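Worksheet: the structure to be examined is printed underneath.
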Amino acid sequence: MVTIRLTNSKTRKKEDFVPIDAKNVRMYVCGPTVYDRAHLGNARPVIVFDTLYRLLRHVYGADHVTYVRNFTDVDDKINAEALRRQKAGAPGTLEELIHQRTEETIAWYHADMDALGALRPSIKGVVSENAEPRATEFITQMIAMIDGLIASDHAYAKDGHVLFRVRSYKDYGKLSGRSVDDMIAGARVEVAPFKEDPMDFVLWKPSSDEEPGWSSPWGRGRPGWHIECSAMAHELLGQSFDIHGGGLDLQFPHHENEIAQSACAHPHGDFAHYWLHNEMLQVEGKKMSKSLGNFFTVRDLLDQGIPGEVIRFVFLMTHYRSPMDWTEAKRKDADRTLANWHLQTWELDPTPAEEFVADRSLVEALAEDLNTHMALVRLRALQDQPQALLDNARWLGLLPDSERQRFRNSWLSLSAGSGSSPDFAELAQRLDHLRKQAIDSKDFSAVDALKSALIAAGVEVRMSKSGVELVPGSDFDPAKLEALQ
RNA sequence: GGCGGGUUGGCGGAGAGGUUACGCAGCGGAUUGCAAAUCCGUGAAGACCGGUUCGAUUCCGGUACCCGCCUCCA
């Protein structure tokens with residue numbers, strides 16, 4: 001069996017991965033707050049941990065891997081959007097408007113991440129709602145956990161708030177390499193009258209009438225962000241599980257707080273054994289932000305006609321622990337490579353899953369701390385074996401049916417020639433004929449004109465002694481060929 | 001201010017204490033009416049300074065620069 005090696009943020013070392021239970025390898029990844037479309041940065045952890053998920057399924061068996069990724073649907077930004085709609089005259093209660101907002105956002109999220117070739121999370125291979133828990137469905141567990149933390153003196157209630165007593169957990173700061181005293185020294189921590197210590201963070205906070213709330217021993221209110229993940233991970237994966245993933249920006253404070261809460265609430269468990277953090281995304285060398293005007297969503301790219309697999313490929317080009325830059329040059333590079341692979345494999349059928357054996361060098365690349373860049377190199381090395389290329393690319397989430405169909409459609413409609421679409425074969429024949437005439441007459445103006453028109457329409461022209469071949473590129477525009485018919 | 005990460009050839013981007021990364025671009029050639037595509041071949045690197053070593057781009061220390069986090073952003 002392949003040994004998977006992973007860089008564990010907890011120890012800052014690359015370690016052999018040894019699961020607690022090889023029959024049920026458990027991974028938790030912090031999912032999105034569902035207040036709006038997922039931006040491109042949101043896609044990075046999805047693709048990174050999807051790749052890890054695929055590797056784990058390969059090594060341990062699809063039925064022996066559990067992957068939970070939550071939806072945070074309690075959030076001030078969601079509330080604000082719902083309130084905005086209500087004030088704009090939308091019908092329904094605030095709770096209904098909130099629900100409506102989260103429902104549509106989750107549907108968008110699914111559509112966008114599906115397009116990137118990300119598998120849906122699952123409980124031992126079974127895709128279900130529980131694999132994508134929503135915070136609002138685990139309020140009871142959160143309250144119970146908070147209650148326990150108060151009982152064991154790790155938390156205290158004050159003015160409708162419940163706060164975690166950071167000083168009560170001696171290892172606080174270990175994951176992110178910070179000491180509580182250092183943090184207070186240079187820091188901008190929120191000082192509030194209800195806090196014993198400025199570092200203490202909220203487990204529960206009161207809700208106004210304009211905010212969603214649940215009744216609790218501390219009055220009507222809602223949970224703090226950090227407790228959500230702790231409660232859901234505990235409920236679905238137990239007090240000890242294998243891998244916890246998320247973006248590097250979540251390492252502090254979110255993950256630090258998760259550890260503190262969980263360790264104190266469940267002193268017999270040890271929470272996550274391996275912590276994995278993906279580095280952040282940049283756009284053309286700069287941090288993606290609304291103020292810089294380089295902010296965009298996954299949907300924006302898909303709507304521009306950039307296939308999801310191209311986006312995925314670009315992400316796989318960079319190791320997950322390096323900052324990644326989204327650039328037009330990389331997009332083109334990925335687009336071109338994938339177009340070639342489609343061309344080489346479009347006539348083949350994928351090998352059935354039960355007969356497929358992943359290329360060993362590819363698996364080894366991924367097993368070495370998820371070296372996706374090396375995996376792409378291995379894939380490229382399979383180019384002279386189209387069937388292996390197809391099967392292994394698909395194993396990595398590339399060359400999905402939808403894209404293959406898309407490629408085939410543009411290819412076939414042209415080569416077959418039909419009704420309104422340009423007759424590709426006829427054009428090729430005409431060009432070949434003109435060319436042969438021109439070679440005799442030495443007048444190449446007619447053949448060059450047709451060739452230029454085809455190139456302008458995004459068609460690659462290949463002429464040789466054996467004849468003319470026309471290949472539509474990714475920027476092929478049939479409308480531009482109408483005039484030639 | 002505190003903590004962490006990075007700096008590889010024109011560009012992107014890996015691995016390895018000594019042996020070709022790879023892709024794109026470039027250059028030379030084959031092919032072509034000219035191209036494109038394809039094929040063959042090829043030059044080019046390791047921020048700076050010191051240390052360890054027979055030998056370092058790879059390990060250690062320092063300097064410079066860049067980036068992230070410290071603000072419920074993945």
Side-chain angles (χ1 to χ4, degrees), chain A residues 9 12 29-33 35-36 38-49 69 72 74-77 173 175-179 181-190 199 201-202 205 223-229 245-254 256-257 277-282 285-290 295 314 317-325 327 329-330 332-334 336-337 340 343 365 368-369 371-381 435-436 438-444 447-448 451-452 454-455 459-465 468-471 473:
Chain A
S9 302
R12 283 142 217 273
V29 174
C30 291
T33 301
Y35 64 96
D36 206 350
H39 64 250
L40 191 61
N42 289 306
R44 194 159 190 201
V46 172
I47 293 170
V48 165
F49 293 105
R69 185 181 61 208
T72 296
V74 185
D75 178 81
D76 290 345
K77 275 175 269 192
L175 176 73
S176 52
R178 297 154 203 256
S179 80
D181 295 320
D182 284 349
M183 282 186 278
I184 290 174
R188 295 167 280 182
V189 285
E190 189 192 353
M199 287 307 295
F201 58 88
V202 170
K205 57 189 166 190
W225 176 37
H226 315 300
I227 196 71
E228 297 174 10
C229 285
L248 190 59
D249 57 336
L250 294 183
Q251 188 177 41
F252 186 89
H254 185 54
E256 198 70 73
N257 293 352
H277 291 100
N278 61 275
E279 252 289 359
M280 311 303 280
L281 175 92
Q282 299 186 320
K286 297 199 167 123
K287 179 176 175 162
M288 183 164 82
S289 73
K290 285 180 178 163
F295 180 95
V314 170
M317 280 164 73
T318 304
H319 187 90
Y320 76 96
R321 289 194 308 113
S322 296
M324 190 206 113
D325 202 8
T327 63
K330 284 188 191 175
K332 277 188 186 157
D333 195 15
R336 188 188 157 111
T337 302
N340 269 335
L343 198 57
E368 190 55 41
D369 200 23
N371 192 339
T372 50
H373 189 279
M374 189 55 77
L376 292 179
V377 170
R378 306 292 191 210
L379 217 43
R380 212 185 293 273
R435 180 166 155 275
K436 279 175 179 148
I439 289 171
D440 290 335
S441 68
K442 305 291 180 207
D443 176 8
F444 293 96
V447 62
D448 281 344
K451 189 176 77 176
S452 303
L454 285 164
I455 290 170
V459 180
E460 190 187 295
V461 179
R462 299 179 180 178
M463 292 191 286
S464 66
K465 277 179 184 147
V468 171
E469 202 183 351
L470 300 179
V471 183

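These values consider heavy atoms only, across backbone and side chains, with no hydrogens, waters or symmetry-generated copies. This structure is a prediction, so every number in the text was calculated from the model and none was measured. A note on names: the letters A, B, ... follow the listed sequences, proteins ahead of strands, and every chain is numbered from 1.
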Original post:
Taking for each residue the nucleotide of RNA chain B with the nearest heavy atom, is it A/I439 or A/N278 whose nucleotide lies nearer the 5' end?
Top reply: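 Checking each residue's closest nucleotide, the 5'-ward one belongs to A/I439.
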**OP:** Between A/E368 and A/R435, name the one whose nearest nucleotide on RNA chain B is closer to the 5' end.
**Re:** A/E368
**OP:** Tell me which nucleotide among B/rA74, B/rC22, B/rA36 gets nearest to the side chain of A/M280.
**Re:**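 The listed nucleotide nearest to A/M280's side chain is B/rA74.
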How would you label the contact of [X] with the nucleic acid (heavy atoms, under 4.0 Å): base, sugar-phosphate, or nothing?
{"X": "A/G41", "value": "base"}
{"X": "A/R44", "value": "nothing"}
{"X": "A/V447", "value": "base"}
{"X": "A/L376", "value": "nothing"}
{"X": "A/K451", "value": "base"}
{"X": "A/R321", "value": "nothing"}

How long is the gap from [atom1] on [X] to [atom2] on [Y], to the nearest 0.5 Å?
{"X": "A/T318", "Y": "A/Q282", "atom1": "OG1", "atom2": "CD", "value": "10.5 Å"}
{"X": "A/D249", "Y": "A/C30", "atom1": "CG", "atom2": "SG", "value": "10.0 Å"}
{"X": "A/E460", "Y": "A/I455", "atom1": "CD", "atom2": "CD1", "value": "9.0 Å"}
{"X": "A/N371", "Y": "A/R378", "atom1": "CG", "atom2": "CZ", "value": "8.5 Å"}
{"X": "A/N257", "Y": "A/M199", "atom1": "CG", "atom2": "CE", "value": "7.5 Å"}

In whole Å, I'd like the distance from the [atom1] atom of [X] to the [atom2] atom of [N].
{"X": "A/E279", "N": "B/rG5", "atom1": "CD", "atom2": "P", "answer": "11 Å"}
{"X": "A/F252", "N": "B/rG5", "atom1": "CZ", "atom2": "P", "answer": "17 Å"}
{"X": "A/R336", "N": "B/rG23", "atom1": "CZ", "atom2": "C1'", "answer": "10 Å"}
{"X": "A/D75", "N": "B/rU71", "atom1": "CG", "atom2": "C1'", "answer": "14 Å"}
{"X": "A/L250", "N": "B/rG68", "atom1": "CG", "atom2": "C1'", "answer": "13 Å"}
{"X": "A/F295", "N": "B/rC73", "atom1": "CZ", "atom2": "C1'", "answer": "9 Å"}
{"X": "A/L248", "N": "B/rC73", "atom1": "CG", "atom2": "C1'", "answer": "13 Å"}
{"X": "A/E256", "N": "B/rC3", "atom1": "CD", "atom2": "C1'", "answer": "12 Å"}

Original post:
Hey, does the side-chain of A/D443 have a donor or acceptor N/O within less than 3.5 Å of a partner on the base of B/rG33?
Top reply: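 No pair found.
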Euclidean distance for [atom1], [N] against [M] (whole angstrom):
{"N": "B/rA64", "M": "B/rC49", "atom1": "C1'", "value": "10 Å"}
{"N": "B/rG62", "M": "B/rA44", "atom1": "P", "value": "34 Å"}
{"N": "B/rG15", "M": "B/rU58", "atom1": "P", "value": "14 Å"}
{"N": "B/rU42", "M": "B/rC22", "atom1": "P", "value": "11 Å"}
{"N": "B/rG18", "M": "B/rG13", "atom1": "C1'", "value": "23 Å"}
{"N": "B/rU71", "M": "B/rC60", "atom1": "P", "value": "31 Å"}
{"N": "B/rC48", "M": "B/rC54", "atom1": "P", "value": "25 Å"}
{"N": "B/rC3", "M": "B/rU8", "atom1": "C1'", "value": "26 Å"}

Check: protein-nucleotides 11-14 of chain B nitrogen or oxygen pairs below 3.5 Å:
residue : atom : partner : partner atom : Å
B/rG13  : OP1  : A/K330  : NZ           : 3.1
B/rG13  : O2'  : A/H373  : ND1          : 3.4
B/rG13  : O2'  : A/H373  : NE2          : 3.1
B/rA14  : OP1  : A/H319  : N            : 3.1

**OP:** Please work out whether the ring planes of A/H254 and A/W225 are parallel, tilted or perpendicular, with thresholds of 30° and 60°.
**Re:** parallel
**OP:** Under 3.5 Å for both distances, Watson-Crick or G-U wobble, that's the pair rule; now give the dot-bracket for RNA chain B, with | marking pairs to another strand and [ ] for crossing ones.
**Re:** (((((((..(((.....[...))).(((((.......)))))....(((((..]....))))))))))))....
Within the side chain of [X], is there an N or O that forms a donor-acceptor pair under 3.5 Å with the backbone of [Y]?
{"X": "A/S441", "Y": "A/D443", "value": "yes"}
{"X": "A/E256", "Y": "A/S176", "value": "yes"}
{"X": "A/R435", "Y": "A/V447", "value": "no"}

Original post:
Going by atom types alone, do A/D369 and A/Y320 pair a side-chain donor with an acceptor below 3.5 Å?
Top reply: yes
Subject >> Heavy-atom pair of closest approach, residues A/L248 and A/E279 >> reply: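 Of all heavy-atom pairs spanning A/L248 and A/E279, the closest is CD2-OE2, 3.4 Å.
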